[in-house]
Amino acid sequence: MAERTQPLSARARLAVTAGKAAAAVSRAAGRGSGSVIGGRIALKLDPDLLSRLAGHLDVVLVSATNGKTTTTRLIAEALRAGGEVVSNALGANMPAGITSALSSGGNARYGVLEVDEKYLAAVAREVSPKAIALLNLSRDQLDRAAETRMLAERWREGLQGTKATLIANCDDPLVVWAASSSPNVVWVAAGQEWKDDAWSCPSCGGVLSRPGDTWQCSSCGFGRPSPTWVLSGDTVLDPHGTAWPIQLQLPGRANKANATTAAAVAATFGVAPQIALQRMQSVTAVAGRYDVVSYQGRDIRLLLAKNPAGWLETFSLIDPPPTPVILSVNARSADGTDTSWLWDVDYTRLAGHPIAVIGDRRLDLAVRLEVAGVDFRVCTTLQEAVQQSPPGRIEAIANYTAFQDLRRTVGN
Amino acid sequence: MSTSSLRLVWVYPDLLSTYGDQGNVLVTERRARQRGLPVERVDIRSDQPVPTSGDIYLIGGGEDRPQRLAAERLRRDGGLNRAADNGAVIFSVCAGYQILGHEFINDLGQREPGLGLLDVTSARGTAERCVGDVLADIDEQLALPQLTGFENHQGVTHLGPGVRPFARVRLGNGNGTGDGTEGAWCDTIFGTYMHGPVLARNPHIADLLIRLALDVNALTPVDDRWYDALRAERIAAATAAAT
Ligand SMILES: [Zn+2]
């Protein structure tokens, strides 16, 4: 167990205590876990708290549009082989939430932290991470006007000259652009099903040609670096070319990609891939995602998909027809209020599934599915949708707040 | 119509397809097919020449840098201008709308020439980004029901005497000029700031494009049940948000 090299100052200790008290008050008032408000108060009392709390930890940051919560969880499981881990496991991924998570760190050796894309550079400056995992970037929350390429540019500028080892997905041109200004990068071939945010070269604006699994700019030659870690079917190829089986309980290609990145991260902390991958097998659900719950006498698997890339990955992991599917979409503030992304999702992939649609924006979904030419039924509640679904385990796919609604309804 | 099938050209999906713009293509295609029309859909990437023999051209919204790249490549290519000379129907959204005008402000803060197909000039707004549901009355000359859309832009577009406003907003911003105009049109060329995408919320505009391409006054009706339900809901939501 690592010791604190420097004890926390009185001011930092006070800030941690005040933060915890605020979190307790917030919890008592029924406002969720309270971690964010606690962190916010603590940071106000001591703006350097984050860097001080992280000072004695070996930190890895994880950022992406999709998969950061799951990958954070997988890395945390893997690193527990080497010592205690503190992590923002519930996805509070902005500075206040991260501060709050670290405040409860005790004697942890590792900090495994999911970071919101927009805050990555700032948090990296505070916590001096040993490693940063960059998974993917794609369109998300269109009304926030955070342009995808601008995010890559901000990562690139913010991470220039970082001492951290970047573990980055070489199959996402925007991630490669963001990472390639750093001196120390481990490239992971983690794949990328969604390609519609990277047809033009992040460097020069030329058109990218994307034959097979590779990609290159036809104008400036910017292209895919060769990976040292590779996701290959159901195995991870390590830098020696040795194949290690992935035996996750989490479903889908995207989670195999997350496991591959997590194994590469674990290796930079000295945890061997076979041990890392074995430990990842214990993860069954992440903050309710992939959980199979019983509701109204039926089994429902809860799947979160927040943006077109996420929906695409989700369609590839659900059970085949005639498995019934329930889709739920909201457009509240946390989801982004612009629903035009629904038209970037290829709903013809659901042909053959009995489909029920619910959620605040079920009529947007109805028109979308009508135009896709697939059959569907519009329901007002989950209960109605479940009752009308034919037999079999139901796959329920929902975006952010719709997913929270589902969890609340089924008591998960 | 130039061939036996309706030729639907989607211009530069690699650059101008950020806000579900494929939806406008899908809705137009679907509604033409529902009328028994054969449709040939052509997606033209920005390294390919824009065909000049299309019937309907759709050009969508995008971020600032792709918008500049699209304008540069469309000017160099010239195909869309030749298609317009041939009388093609062109429907443009947001960044695409600005490109059809005389000029707009690009990602480098400079004035970027457009294609000059619509007599409009765009600038960057100084006010907050316009985000939210819009309700507007479409130009009476077009004889269409109310426009319901979703706007998400910071541009300001001034109309010249060579175009008419596509609509007048009841709720929302539209062109951002403060005079209540939204979009612009002239003959068979249209521009709007509405996403949603706009044709999914206003299928009668898709039908207008098809009618103009076929040069007919009416199309056989199709089942608009879900479109009507969505329209009613969004119109109510915009109204509620404004009060
Ligand atoms: Zn290039």
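Heavy-atom distances place both the backbone and the side chain of B:Asp64 under 4.5 Å from chain A. B:Tyr227 touches chain A through backbone and side chain together, each having a heavy atom under 4.5 Å away. When heavy atoms are compared at a cutoff of 4.5 Å, A:Asp346 does not approach chain B at all. Neither the backbone nor the side chain of B:Glu29 comes within contact range of chain A; no heavy atoms are under 4.5 Å apart. Of the atoms belonging to B:Arg45, it is side-chain heavy atoms, and not backbone ones, that fall under 4.5 Å from chain A. Using a 4.5 Å cut-off between heavy atoms, B:Leu15 touches chain A through its side chain atoms alone. With a 4.5 angstrom heavy-atom cutoff, B:Arg68 does not touch chain A via any of its atoms. In this structure, chain A has a heavy atom under 4.5 Å from the side chain of B:Arg201, while its backbone stays farther away. Using a 4.5 Å cut-off between heavy atoms, B:Leu69 touches chain A through its side chain atoms alone.
Side-chain contact between A:Arg368 and B:Val27 is absent, with no heavy atoms from C-beta onward closer than 4.5 Å. Residues B:Glu233 and A:Arg361 meet the side-chain proximity criterion, which asks for heavy atoms closer than 4.5 Å. A 4.5 Å side-chain heavy-atom check between A:Val207 and B:Ser46 finds at least one atom pair inside the cut-off.
Of all the heavy atoms in B:Arg65 and A:Gly205, the pair that sits closest is NH2-N, 3.3 Å. Closest of all the heavy-atom pairs between A:Thr148 and B:Glu63 is N-OE2, 3.5 Å. In this structure, A:Ser340 and B:Pro197 approach most closely via the heavy-atom pair CB-N, 4.3 Å. Residues A:Trp343 and B:Gly23 share a closest heavy-atom pair of CE3-CA, 3.3 Å.
Sparse packing is recorded around CZ of A:Arg377, with 12 or fewer heavy atoms of other residues, nucleotides or ligands lying under 6.0 Å away. In the displayed structure, B:Arg111 atom CZ is contacted under 6.0 Å by at most 12 heavy atoms of other residues, nucleotides or ligands. More than 12 heavy-atom neighbours from other residues, nucleotides or ligands sit within 6.0 angstrom of CZ on A:Arg349. Within a 6.0 Å sphere centred on OH of A:Tyr119, other residues, nucleotides and ligands contribute 12 heavy atoms or fewer. In A:Tyr400, the OH atom is not crowded: 12 or fewer heavy atoms of neighbouring residues, nucleotides or ligands sit closer than 6.0 Å.
Proximity of a side-chain donor or acceptor of B:Gln22 to a complementary backbone N or O of A:Asp344 within less than 3.5 Å is not detected.
Atoms CG and CD, from B:Asp107 and A:Glu147 in turn, are 8.5 Å apart once rounded to the nearest 0.5 Å. Atoms CH2 and CG, from A:Trp199 and B:Asp47 in turn, are 10.0 Å apart once rounded to the nearest 0.5 Å. Note that CZ of B:Phe150 is 4.5 Å distant from CG of A:Asp338, once rounded to the nearest 0.5 Å.
Taking B:Val25, B:Thr18, B:Val131 one by one and counting their heavy-atom pairs under 4.5 Å with chain A, the maximum is reached by B:Thr18. Counting heavy-atom pairs closer than 4.5 Å to chain B, the top-ranked of the candidates A:Asp196, A:Asp197, A:Val378, A:Leu342 is A:Val378.
At a heavy-atom cut-off of under 4.5 Å, chain B is reached by A:Glu370, A:Val371, A:Gly373, A:Phe376 from residues 369-376 of chain A, listed in order of number.
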